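Just so it is clear, the values below take in all heavy atoms, side chains as well, and ignore hydrogens, waters and symmetry mates. Counting starts at 1 for both ligands and their atoms, in listed order. It should be emphasised that the depicted structure is a prediction, and the values quoted were computed from it without experimental measurement.
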Amino acid sequence: MAEPQSTLITGISELVTNDAERGASGERRASGERRAYAALTDAALVISGDRVAWTGPAARAPAADAVVDAGGRAVLPGFADSHAHLIFAGERSAEFAARMAGRPYRAGGILVTVEATRAAPDAVLRANLRRLAAEMLGQGTTTFECKSGYGLTVPDEARGLALAAEITPEVTYLGAHVVPPEFAADPAGYVDLVRGPMLAACAPHARWIDVFCEDGAFGGAEAAAVLAAGAAAGLGTRVHANQLAPGPGVQVAARAGAASADHCTFLTDADVDALASTPVVATLLPGAEFGTRQPFPDARRLLDAGVTVALATDCNPGSSFTSSMPFCIALAVREMRMTTEEAVWAATAGGARALRRDDIGHLGIGARADLILLEAPSHAYLAYRPGVPLIAAVWQAGRLAAGSIP
Ligand SMILES: [Zn+2]
């Protein structure tokens, strides 16, 4: 059956648009300003093809080929999860349980997942990837980024990225995740591989390059060298920065002109200044602090300094095995003192900013028609009713992609 050309969704109690373009005086604003948090009440929206064609008061809605009555529910932009590690095999629940119990656990860490991933056939990796992507979609995520980083050989990194590129355009080469055991005696040799032959094999499948800049992974100079090589190969840059301790990651990201510095848990005043004075987005990943029982990042300090903040899941089998943006929103509000509006903005427009995308994360005219129908009258319910399945239906590029219309 052919899809209708246009669909009017009406009866929306709260329509979060993140589109302040049409202010009271109708002036067109600078793109950053007009993508601030914004919402309409008693609203309607028209989807035409794969795009948003109209938003406004329900009483003034134009006709369309099909009509959906939201019945007093809220509509939001689809979530943009800008940080996830989905190319892996195996799981580490015993490690998690031991960590929560305060028990020592030897057989843990990233290298356990590296071993399982290298040993897995393509079909296993592909099935795991597709299962997680479907899980994300069902929870309202309409765009997600996906990193490599559990292969750490030229063929294993390249095949992981090729699999990821089958299901998302936001593919990130993370050969610089950790130094694999076969290079333990020669970490400099591994950096040369990452920015040389491995990059050459991976760049055709990727849009981004990322590096884990942390004690025990890669230092500031190594991280900068990896990012520079990636940029020279045409990739955008992102950094795992300042997760476990203060360090050079944020400054490396600022100097590289990175799209995003991710984690940002341990920051100096100079780090906050660097984030506030550059376009680098601070992507906060509260699932990781939840899963490791570490202190949460200070979102208020960043927001009050004028830093652009995104929220993402960091979905991975070790430190943060959640694919749920609603869970991250609830943590951000409860544990990181973000307002419900700030958290929803960070999970939608913030994620889009971290991926340097202007077509998603908002519901302005011409945006891709990625939207969520909540089983609730307002966005605040995402934090107010944590752990409750509130995603009634999800449209992706104008098509009903998950859930159903109540
Ligand atoms: Zn990560």
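D210 and T172 share no side-chain donor-acceptor pair at under 3.5 Å. Side-chain contact of H362 with T17: a donor-acceptor pair under 3.5 Å is absent, judged by distance alone.
With values rounded to the nearest 0.5 angstrom, L371 atom CG is found 8.5 Å from T142 atom OG1. With values rounded to the nearest 0.5 angstrom, H83 atom NE2 is found 14.0 Å from E170 atom CD.
What you find for A158 and C202 is that their closest heavy atoms are N-SG, 3.7 Å.
Shown here are the protein N/O/S atoms lying under 2.8 Å from the Zn ion (ligand 1), water excluded: H83 NE2, H85 NE2, H240 NE2, D314 OD1.
No salt bridge links E335 with R300; every basic N to acidic carboxylate O contact stays at or beyond 4.0 Å.
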